[in-house]
Amino acid sequence: QVQLVESGGGLVQPGGSLRLSCAASGSIFSRYAMAWYRQAPGKQRELVAVITIGSSTNYADSVKGRFTISRDNTKNTVYLQMNSLKPEDTAVYYCAGRNAGSFYMPRTQYAYNDWGQGTQVTVSS
């Protein structure tokens with residue numbers, strides 16, 4: 001198992017940037033596929049980005065070209081760099097992890113074993 005703690009959320013103006021961090025502990029981070037999910041009020045939780053053990057990535061169409069997921073295995077941390085933020089990006093952002101093989105890219109929330117508590121991102125003028 002792995003414990004995940006998100007940070008970096010906050011209030012930002014449209015067009016601005018934020019970088020979210022997810023610090024992992026308690027397991028071998030390098031063996032985990034990691035993802036960022038988000039959930040806005042009244043909406044279902046949606047996948048934002050995934051990064052595999054082999055550092056392949058995938059993004060939701062709504063954030064492609066604006067968000068970048070990355071990982072630093074030496075720091076047991078996954079990041080979500082968010083640029084050109086829009087009001088519709090407002091949500092609670094969750095970090096999730098799943099121990100996996102190099103080619104595994106979980107895309108359903110039920111595939112993930114471990115979740116952080118979430119961090120609020122608000123994009124507003």
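Remember, predicted model here, so these are calculated numbers, not experimental data.
- Among all heavy-atom pairs drawn from F29 and A24, the shortest one is CD1-CB, 3.4 Å.
- For the atom pair CD of Q3 and SG of C22, the computed distance is 11.0 Å after rounding to the nearest 0.5 Å.
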Taking distance alone, no hydrogens or angles, what donor-acceptor pairs closer than 3.5 Å link side-chain atoms of residues 116-125 to residues at least two apart or in another chain?
| residue | atom | partner | partner atom | Å |
| --- | --- | --- | --- | --- |
| Q117 | NE2 | E6 | O | 3.4 |
| Q117 | NE2 | E6 | OE1 | 3.4 |
| T119 | OG1 | G9 | N | 3.2 |
| Q120 | NE2 | A91 | O | 3.4 |
| Q120 | NE2 | T122 | OG1 | 3.3 |

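- Residue pairs meeting the salt bridge (charged side-chain N to carboxylate O under 4.0 Å, His left out) criterion with at least one partner in residues 48-65, sequence neighbours excluded, are D61-K64.
- Take R66 and apply the salt bridge (Lys or Arg N to Asp or Glu O under 4.0 Å) test, not counting sequence neighbours, and it matches D89.
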Can you give the donor-acceptor pairs under 3.5 Å from side chains of residues 49-59 to other protein atoms, not counting sequence neighbours?
| residue | atom | partner | partner atom | Å |
| --- | --- | --- | --- | --- |
| T52 | OG1 | G54 | N | 3.2 |
| T52 | OG1 | S55 | N | 3.2 |
| T52 | OG1 | S56 | N | 3.0 |
| N58 | OD1 | R107 | NH1 | 2.4 |
| N58 | OD1 | R107 | NH2 | 3.2 |
| Y59 | OH | I69 | N | 2.9 |

Taking distance alone, no hydrogens or angles, what donor-acceptor pairs closer than 3.5 Å link side-chain atoms of residues 78-86 to residues at least two apart or in another chain?
| residue | atom | partner | partner atom | Å |
| --- | --- | --- | --- | --- |
| Q81 | NE2 | N83 | OD1 | 3.0 |
| N83 | OD1 | S17 | OG | 2.9 |

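- Here T74 pairs with D72 under the side chain to side chain donor-acceptor pair (under 3.5 Å) rule; sequence neighbours left out.
- With contacts defined as side-chain heavy-atom distances shorter than 4.5 Å, the pair Q109/Y94 does not qualify.
- Ring planes of Y93 and F67: tilted class, angle from 30 to 60°.
- Checked against side chain to side chain donor-acceptor pair (under 3.5 Å), E46 has the following partners two or more places apart in sequence or in another chain: R38.
- Other residues sharing the hydrophobic cluster of I28, ordered by chain and number and joined by side-chain separations under 4.5 Å: none, the residue standing alone.
- Scanning for salt bridge (Lys or Arg N to Asp or Glu O under 4.0 Å) contacts around D114 gives an empty result, with sequence neighbours left out.
- Every side chain to side chain donor-acceptor pair (under 3.5 Å) that N73 has, sequence neighbours left out, goes to R71.
- For residues 43-91, the set of pairs meeting the disulfide bond (SG atoms under 2.5 Å apart) definition, not counting sequence neighbours, is empty.
- R98 and A111 get closest at one heavy-atom pair: NH1-O, 2.8 Å.
- In this view, E88 satisfies the side chain to side chain donor-acceptor pair (under 3.5 Å) rule with no residue, not counting sequence neighbours.
- The minimum heavy-atom distance between A33 and Y112, with the atom names listed, is O-CE2, 4.1 Å.
- Nearest heavy atom pair, residue S21 against residue T77, reads CB-CG2, 4.2 Å.
- No side-chain heavy atom of C95 sits under 4.5 Å from any side-chain heavy atom of W115.
- Residue L20 is not grouped with residue V92 when hydrophobic side chains (ILVMFWY) are merged at heavy-atom distances under 4.5 angstrom, including chains of intermediate members.
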